[in-house]
Structure formats: structure tokens, C-alpha cells
Amino acid sequence: MSEEPTGDVVRGDRFSGGPARGFLSSLAADERIFAADLAVDRAHVVMLAEQGILDADEAGAILDALDAIEADGHDALPDGEDVHEAIEAAVISRVGPEGGKMHTARSRNDEVATCIRYRLREDLLAAVEATLALRDALATTAEAHTETVMPGYTHLQPAQPTTVAHYLCSYEQAVSRDTARLLDAYDRVNRSPLGAAAFAGTTFDVDRERTAELLGFDGVLENSMDAVSTRDFLVESLSALGALATTLSGLAEDLIVFANRGEVDLSDDYSSTSSIMPQKKNPDTLELVRATAGDAIGGLTGLLTTLKGLPRAYNRDLQRATPHAWETVDAVSEATDVAGGAVATATWDEEALADAASEGFSTATGVADLLAASGVPFRTAHEVVATAAESGADVDALDAAAEAVLGESLFAYVDREALTAALDPAESVASRDSTGGQPPTSSPTPSARRGTVTRRTRRRSTRAERRSTRQIPIFARR
Ligand code: ARG
């Protein structure tokens with residue numbers, strides 16, 4: 001038995017839609033959950049048969065129809081208010097009225113919430129994988145640059161010398177927390193609302209744990225009213241994606257600035273050019289990565305604004321909450337992939353970085369630390385170095401400043417070699433060996449892959465040791 005698909009299995013002859021028909025429909029956007037809805041339909045039908053709510057023949061016919069509908073694809077669905085209704089109409093058109101038994105003991109409310117969660121799991125895992133690839137690119141590049149000295153900045157001014165490895169690993173650590181937040185969100189996405197029906201449960205003896213198991217969920221959302229109402233799993237997911245996009249925007253901004261200074265060279269694959277200015281090589285991909293935070297923040301804001309103040313239990317507003325999730329997860333995953341590719345293929349100009357690290361008296365803090373370790377109160381040492389910063393920032397300027405501030409020669413406290421070492425960016429980096437600091441290890445260790453470049457043991461040097469340059473760890477500059 002076969003009927004013309006009407007797409008109106010829910011409304012029948014009433015509410016056939018007038019001018020608002022298109023406005024009501026989510027069918028086009030629902031392509032995203034076409035496969036999810038088929039999976040949800042199958043699990044539900046299998047459970048209904050196992051529970052004796054459908055007989056085996058009815059269930060078999062519906063399952064066959066679902067296979068055929070899958071093979072024909074989303075575009076072949078009859079017109080309808082949404083994918084759930086359209087698939088149901090297509091089942092009925094193949095199986096006959098008995099096909100309508102598929103919708104026993106459920107509602108589109110629990111159905112759509114289950115479909116979104118089912119599909120979002122896959123998308124979150126894609127986002128997680130993108131973060132892993134980015135972290136690998138950061139750690140691998142860091143491993144090659146444990147000894148590459150670069151300027152570290154605060155307020156965009158040279159602040160203290162550091163290494164490219166330390167810089168890149170700072171982002172690897174940040175992105176590792178983004179991975180963790182995505183996985184955390186995944187845990188709560190991975191719960192089944194199916195069987196909650198409209199919101200109030202059902203008279204049928206459904207087995208909610210069974211459909212959850214068939215669909216690979218970790219368990220069910222207990223309260224049926226909560227199960228259909230909540231979209232907090234979208235809020236969590238988009239918050240995690242927003243945090244990730246914000247991390248990426250900072251990384252992109254840095255790399256754009258470094259490229260602008262000639263310290264990083266982006267590969268052509270991740271650059272663009274000007275349609276008029278032939279000499280230009282622009283960091284367009286990273287600018288788009290930077291801009292993606294706007295999409296993510298907009299998506300989260302749009303979602304929260306849609307959800308705010310919604311009464312229990314289901315309201316059609318929820319239909320417009322979902323696209324925020326798809327748009328955000330797509331934009332952020334793609335930006336993460338691109339950021340990973342840009343990092344993996346960029347080259348760091350060691351000479352330009354070393355030159356830049358010598359500019360702006362970026363070793364000033366290390367000199368103040370040296371004086372402080374030699375008995376000068378840090379605040380006084382700070383004043384000595386600040387005074388010298390205005391008059392040359394070299395050994396002579398420091399000595400003159402010491403005479404002015406301390407009333408005695410600098411060399412009453414430190415020897416010339418120790419001072420010269422403290423003024424050297426590479427040695428300045430090597431001497432800052434506190435936990436989480438950046439000195440290169442003698443050979444790259446797996447710790448770089450884990451995102452930290454730290455010395456294995458923390459050791460406090462004595463004042464006497466600090467007076468001798470030989471005690472300051474030295475590493476080769478390439
Ligand atoms: N397309 C709808 C959505 O995305 C499906 C649920 C419709 N439920 C209803 N009671 N009208 O939310």
C-alpha cells in the first residue's frame with residue numbers, strides 16, 4: 001500500500017501552512033540531522049519491537065523504508081515542516097498507514113533533542129581533533145626552537161627575552177584546556193532525551209536505557225520535562241568553542257604581528273596577496289582565524305538570547321537555537337584546522353628574533369634580579385636599572401646609575417662578567433629556571449610535547465654562584 005507523500009502527517013488538513021509555511025519549516029537546515037534522525041528512528045523502532053509495542057513485521061517494514069529513505073537522501077524527502085515529519089511522511093508513503101506506528105510513544109520534542117545531541121557528538125569530536133592537530137603543530141615547532149631566543153612582550157613592548165618554544169608551548173597549554181572543556185561538554189551532550197515524549201512521559205512501556213544504548217549514549221536524561229526543554233548542552237558546547245576561538249584569536253594576532261615584523265614567515269599556502277599591490281603577502285588566513293572569535297561569541301550570544309526566559313517545556317523558539325550551534329562548531333573547527341596548518345608550515349627567523357630580543361633593554365629585569373640576588377633590595381635594584389635604562393642600558397650606564405642611587409659602585413655587588421651575562425638575552429633566558437620558566441633543556445624531552453619546557457629539577461643557586469658567569473647555564477646560539 002502506498003500513498004502520495006504529503007509532508008502533512010502532523011497537520012493533516014488543518015494548519016496546512018499559508019504564507020508562514022516556509023517560515024515554520026526547518027527542513028533545509030535539518031539536513032544536518034538527516035542521518036541522526038534515521039538513527040534515532042531505527043533505535044526507537046527496534047526498542048518498540050523488543051518491548052512488544054510493534055510486531056516484528058511492522059518494525060521490519062519501517063526499518064526497510066528507512067533504509068530506502070537513507071539511500072534516496074535528504075533532498076528526496078517530501079516537503080514538510082521539518083526532517084522528522086518529512087521522514088515520517090516518506091515512511092508512510094512506502095509502508096502505508098502502518099508506517100505511522102513509528103511515532104508511537106514519542107514526540108518530535110524528544111526526537112529533535114536526541115538528533116541534535118547525536119549529531120553534535122560527532123561535531124564536537126571533530127573540534128577536539130582539530131585542537132589535537134593544532135597542539136601537535138605547536139609542540140613540534142616548539143621542539144625545534146627550544147634555543148631560539150625571541151622577545152617576550154607585555155603591552156606590545158619588549159619585556160623579557162624568552163624562547164620560541166616557551167611562547168608556542170604557552171599556547172599548547174591553553175589549547176589543551178580548550179580540548180578538556182570540549183570533552184567536558186561532550187560528556188553532558190552524550191545523554192539521551194529519547195522516550196521523554198512531549199515532556200510528560202508516555203503510557204507505553206518504553207525502555208529508554210535501551211534506545212540510549214542503541215544510539216551510543218552514556219545514559220538518559222532522567223526528568224522527561226528537563227530532557228525535552230534543555231539546550232544547556234548547546235550552551236556548554238558553544239562556551240567551550242567560544243573559549244577556543246578566543247585562544248585562537250590571540251595566537252593569530254601574535255603571529256600576524258610577528259609576521260609583520262619579519263620574525264615569522266607564513267607559508268604561501270596560508271597567505272594571500274593583493275589584487276592591486278604586487279609586492280604584498282598578507283596573513284589573511286590568520287586574520288580570518290582572529291575574526292572567528294566574533295562568530296563564536298555571536299553564536300553563543302544568539303543562543304543564550306534565544307533561550308533566555310523560555311517557559312517550560314517545548315517552545316518553537318528552540319528550532320532557532322540549533323543553527324547557532326552548527327554555525328559555531330563549523331566556524332571554530334575550521335579556524336582551528338587552519339591555525340594548526342599555519343603554525344606547522346610557518347618558519348621562524350632565528351636571526352631576526354635574536355636581534356629583536358636585544359632591543360628595548362629587555363634584559364633589564366634580569367639585571368635587577370642579579371643585583372637583588374647580590375644583596376640590593378629589589379626595589380632599589382629596580383631604581384638603579386630604571387635609571388640606567390634612560391642613559392644607555394649598558395655596563396657603564398648601570399655603574400653610573402648605581403653611584404647615583406646607591407652611592408657606591410655596582411661592582412661592590414656584582415662582577416663585570418656576571419653583569420655582562422645578565423645583559424645577554426640568551427643567558428638571561430637560560431638563567432630563569434624557575435618552575436614553568438623557559439630555559440632550553442639540553443636535549444628536547446617529551447615534556448615539550450606535553451606543552452611545557454621546564455627544567456626537570458628546580459634548583460636555587462647561591463649568591464656566590466650567581467656571581468660567577470660560569471654558574472649561569474649557557475646554551476649555544478645558532
Ligand atoms: N523542528 C522542530 C525543532 O527544531 C522540531 C520539534 C517540533 N516540535 C513541536 N512541538 N512543534 O525544534
Side-chain angles (χ1 to χ4, degrees), residues 5-18 20-41 43-44 69 74-75 77-92 100 102-123 189 191-202 211 215 221 224-235 237-238 299 302-330:
T6 63
D8 278 336
V9 291
V10 175
R11 290 177 299 221
D13 291 336
R14 296 180 66 208
F15 311 118
S16 61
R21 190 175 173 78
F23 185 67
L24 279 166
S25 177
S26 60
L27 186 57
D30 286 348
E31 181 163 9
R32 182 87 176 211
I33 52 171
F34 174 67
D37 196 60
L38 290 165
V40 168
D41 286 345
H44 184 65
I69 291 163
H74 180 268
D75 289 347
L77 287 176
D79 188 23
E81 194 167 282
D82 56 33
V83 72
H84 321 293
E85 191 197 66
I87 288 178
E88 190 183 332
V91 167
I92 290 168
M102 180 171 79
H103 208 57
T104 311
R106 74 172 187 190
S107 151
R108 281 186 295 163
N109 298 350
D110 58 336
E111 186 181 356
V112 69
T114 311
C115 292
I116 299 167
R117 289 169 180 269
Y118 185 92
R119 173 62 207 239
L120 185 60
R121 289 189 310 198
E122 183 184 326
D123 292 316
V189 169
R191 305 273 153 186
S192 176
L194 197 61
F199 71 87
T202 171
T211 45
L215 292 167
L221 280 140
S224 61
M225 193 181 298
D226 174 49
V228 300
S229 305
T230 189
R231 294 293 184 273
D232 59 358
F233 66 101
L234 295 182
V235 172
S237 301
L238 268 57
L303 173 68
L304 286 167
T305 312
T306 305
L307 300 181
K308 178 190 169 295
L310 284 188
R312 283 283 186 257
Y314 179 86
N315 303 273
R316 195 60 169 271
D317 308 52
L318 293 179
Q319 180 167 293
R320 295 198 70 82
T322 317
H324 291 300
W326 306 141
E327 284 160 20
T328 304
V329 74
D330 285 350

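Counting starts at 1 for both ligands and their atoms, following the listed order. Since this is a predicted model, take the numbers as computed values, not measurements.
A search for side chain to side chain contact (heavy atoms under 4.5 Å, CB included) contacts involving F199 returns M225, V228, A313, not counting sequence neighbours. A227 is linked by a side chain to side chain contact (heavy atoms under 4.5 Å, CB included) to P193, A196, R208, L221, counting only residues two or more places apart in sequence or in another chain. When the side chain to side chain donor-acceptor pair (under 3.5 Å) test is applied to D232, the partners found at least two apart in sequence or on another chain are T230.
Listed for the D110 side chain is a donor-acceptor partner under 3.5 Å among the backbone atoms of G195.
Residues with a heavy atom under 4.0 Å from ligand 1: S26, D82, H84, R108, N109, V112, Y314, R316, Q319.
Salt bridge status for E81 with R316: present, with a side-chain N to carboxylate O gap under 4.0 Å. For the pair R32 and D330, the salt-bridge criterion is met [side-chain N within less than 4.0 Å of a carboxylate O].
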